[in-house]
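Chain A is the first sequence line, chain B the second, and so forth, proteins listed ahead of strands; every chain is numbered from 1.
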Number of protein chains: 2
Amino acid sequence: MSVKIAAMPSNRRAQPQAEKRAELISAARDLFVQDGYDPTPMNRIAQKAGVTPNTIYWYFKDKDELLLAVLDALLQEDMAAYDPVSQWPLADQMVWLVGRLRQTSTLMATVHSRIRVSPALNEWHDRFHALVEALLLAQLPGPLPPASRDAEIRIICFAIEGLVSHQIDPVTTRQTCEALAARCLVLAGR
Amino acid sequence: MSVKIAAMPSNRRAQPQAEKRAELISAARDLFVQDGYDPTPMNRIAQKAGVTPNTIYWYFKDKDELLLAVLDALLQEDMAAYDPVSQWPLADQMVWLVGRLRQTSTLMATVHSRIRVSPALNEWHDRFHALVEALLLAQLPGPLPPASRDAEIRIICFAIEGLVSHQIDPVTTRQTCEALAARCLVLAGR
DNA sequence: ACCTGAACACCGTTCAAGT
DNA sequence: ACCTGAACACCGTTCAAGT
């Protein structure tokens, strides 16, 4: 009887589903960034997205997976915004990155504290670090001795994380970034 | 009738109270370090100390204040253990400190993620950083230009925090600490 | 496939009541 | 002062039931 079967592609509902997912991610993102992960109940996320709390569990396995989707969205935006910045002087790039990540610093802290408890978050965190290190590697001046080069990248990476996670005034932030960049110049051919 | 009033000092129960407090802190400390702060219910702490959960609230205002007491205890031990280490070469001191803090890295992450939510923890964190920075200042070689000196201390401090909070193998840890120490020597009179 | 109402298990915290 | 039994409010998650 039902002759529509062949005419209706199986992914007919794929688009609406992706839209609903995006709405949930957007709602969670706003609340996570503003209030933090733990203080935000699934309750409020659902309410903001106009659904019942348990509906979220049709789209995401649990709260951590929702956080993961939010982190991916934020990272993608950061990457897109970084594109023109990649031409700036190294110290300016660091200052920019710190200011950018600072807006989601509460989520960075959450990621660190949940690494031991969520393998998925641990994986995301590793990918994130690999990405930042790759960016820094491309920006380091001249031919550095590869032994010290890796150490330098780690130091810069950790310093940026520290600047982000502690609230440090703009002047101090800039001084620290300048010191980091200056050091690379010293280590290179001088 | 009761003539003992004058003979009984008002702090007669101070010692037992302090002991019970110490027992609770010890129980919480073991569980927090082993399982983490959030995954440890007040339930289990009380059970380990042989009391009812609500008894804890006679000694501590809430779970955060209990964490604070645990952090103070850990910090005091670290300070005592540091005493002989203070004579070592700078890089060795850093490696030692990283190894030491790593054993409680889960609590460090918890502190960072709860800074925004608990003013008391925020205060403790500030004191902790001031202390580490003071230690580093005393260890820095020669007369550094004070402008760059502060930046160096911050960078070392953040790098140590990064080494602690990410699981990094011993070789890499040492390389990073050597690089940090070498940098100070370069900045000093050479 | 998609969503809901109702419930479950757990947890931090409180409070009236005991000694 | 010190401790408990019982309860409260909240929260992540599940599940049977609807469409």
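- Summarising the geometry, the separation between CD1 on A:Ile56 and C1' on D:dC11 is reported as 12 Å, rounded to the nearest angstrom.
- Between C:dT13, D:dA1, C:dC3, one nucleotide has an atom nearer to the side chain of B:Lys63 than all others, and that is C:dT13.
- Scanning residues 112-120 of chain B for heavy-atom distances under 4.0 Å to DNA chain C yields an empty list.
- When rounded to the nearest whole Å, the span between CZ of A:Phe60 and P of C:dC2 equals 13 Å.
- Candidate nucleotides C:dT14, C:dC3, C:dT4 were compared by shortest atom distance to the side chain of B:Tyr57, and C:dT14 ranks first.
- B:Thr110 contributes a side-chain N or O that, together with a main-chain N or O of B:Thr106, makes up a donor-acceptor pair within less than 3.5 Å.
- If you look at B:Phe158 and A:Phe158, their ring centroids are not closer than 6.0 Å.
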Identify all pairs in which a protein N or O lies below 3.5 Å from an N or O of nucleotides 6-9 of chain D, and state each distance.
| from | atom 1 | to | atom 2 | distance (Å) |
| --- | --- | --- | --- | --- |
| D:dA6 | N6 | B:Asn54 | ND2 | 3.4 |

Name every donor-acceptor pair, under 3.5 Å, that has one atom in a side chain of residues 168-180 of chain A and the other anywhere in the protein, sequence neighbours excluded.
| from | atom 1 | to | atom 2 | distance (Å) |
| --- | --- | --- | --- | --- |
| A:Asp169 | OD1 | A:Thr172 | OG1 | 2.6 |
| A:Asp169 | OD2 | A:Val171 | N | 3.3 |
| A:Asp169 | OD2 | A:Thr172 | N | 3.1 |
| A:Asp169 | OD2 | A:Thr172 | OG1 | 3.1 |
| A:Thr173 | OG1 | A:Arg102 | NH2 | 3.0 |
| A:Thr173 | OG1 | A:Ile168 | O | 3.3 |
| A:Thr173 | OG1 | A:Asp169 | O | 2.9 |
| A:Arg174 | NH1 | A:Asp92 | OD1 | 3.2 |
| A:Arg174 | NH1 | A:Glu178 | OE2 | 2.7 |
| A:Arg174 | NH2 | A:Asp92 | OD1 | 2.9 |
| A:Thr176 | OG1 | A:Thr172 | O | 2.8 |
| A:Thr176 | OG1 | B:Arg154 | NE | 3.2 |

Nucleotide pairing, DNA chain C (Watson-Crick or G-U, distances under 3.5 Å), in dot-bracket with [ ] and |: ||.|||||...|||||.||
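- Residue pairs satisfying the side chain to side chain donor-acceptor pair (under 3.5 Å) criterion with at least one member in residues 24-34 of chain B, sequence neighbours excluded, are listed as follows: B:Arg29-B:Glu77.
- OP1 or OP2 of D:dA1 has not a single side-chain nitrogen or oxygen of B:Gln17 nearer than 4.0 Å.
- Contacts of B:Tyr59 classified as ring pair (Phe, Tyr, Trp, His ring centres under 6.0 Å), with partners at least two apart in sequence or in another chain: none.
- Within residues 23-48 of chain A, no residue approaches DNA chain C, by heavy-atom distance under 4.0 Å.
- Qualifying salt bridge (charged side-chain N to carboxylate O under 4.0 Å, His left out) partners for B:Asp64, counting only residues two or more places apart in sequence or in other chains: B:Arg114.
- If you take CD of B:Glu19 and P of D:dA1, they are 19 Å apart, rounded to a whole angstrom.
- A:Trp58 places its CH2 atom 18 Å from the P atom of D:dT13, with the value rounded to the nearest Å.
- In this model, the phosphate group of D:dC3 is approached by a side-chain N or O of B:Tyr59 to a distance below 4.0 Å at OP1 or OP2.
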List, one per line, each side-chain donor-acceptor pair under 3.5 Å for residues 80-91 of chain A, sequence neighbours excluded.
| from | atom 1 | to | atom 2 | distance (Å) |
| --- | --- | --- | --- | --- |
| A:Tyr82 | OH | A:Gln93 | OE1 | 2.8 |
| A:Tyr82 | OH | A:Gln139 | NE2 | 3.4 |
| A:Ser86 | OG | A:Asp83 | O | 2.7 |

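- If you take CG on B:Asp72 and CG on B:Leu67, they are separated by 9.5 Å, rounding to the nearest 0.5 Å.
- By the ring pair (Phe, Tyr, Trp, His ring centres under 6.0 Å) test, B:Tyr57 is found to be paired with no residue, residues two or more places apart in sequence or in another chain being considered.
- Considering only side-chain N and O atoms, A:Thr55 lies under 4.0 angstrom from the phosphate OP1 or OP2 of C:dT4.
- Between B:His129 and A:His166, the gap from one ring centroid to the other is short of 6.0 Å.
- For the pair A:Met79/A:Leu131, a side-chain contact is recorded, criterion being any heavy-atom separation below 4.5 Å from C-beta on.
- Checked against salt bridge (charged side-chain N to carboxylate O under 4.0 Å, His left out), A:Glu152 has the following partners two or more places apart in sequence or in another chain: A:Arg183.
- In the displayed structure, A:Arg149 atom CZ is contacted under 6.0 Å by more than 12 heavy atoms of other residues, nucleotides or ligands.
- Remark: A:Arg116 pairs with no residue by the salt bridge (charged side-chain N to carboxylate O under 4.0 Å, His left out) rule, at least two apart or across chains.
- Which of D:dT13, C:dT13, C:dA1 sits closest to the side chain of B:Pro53 comes down to C:dT13.
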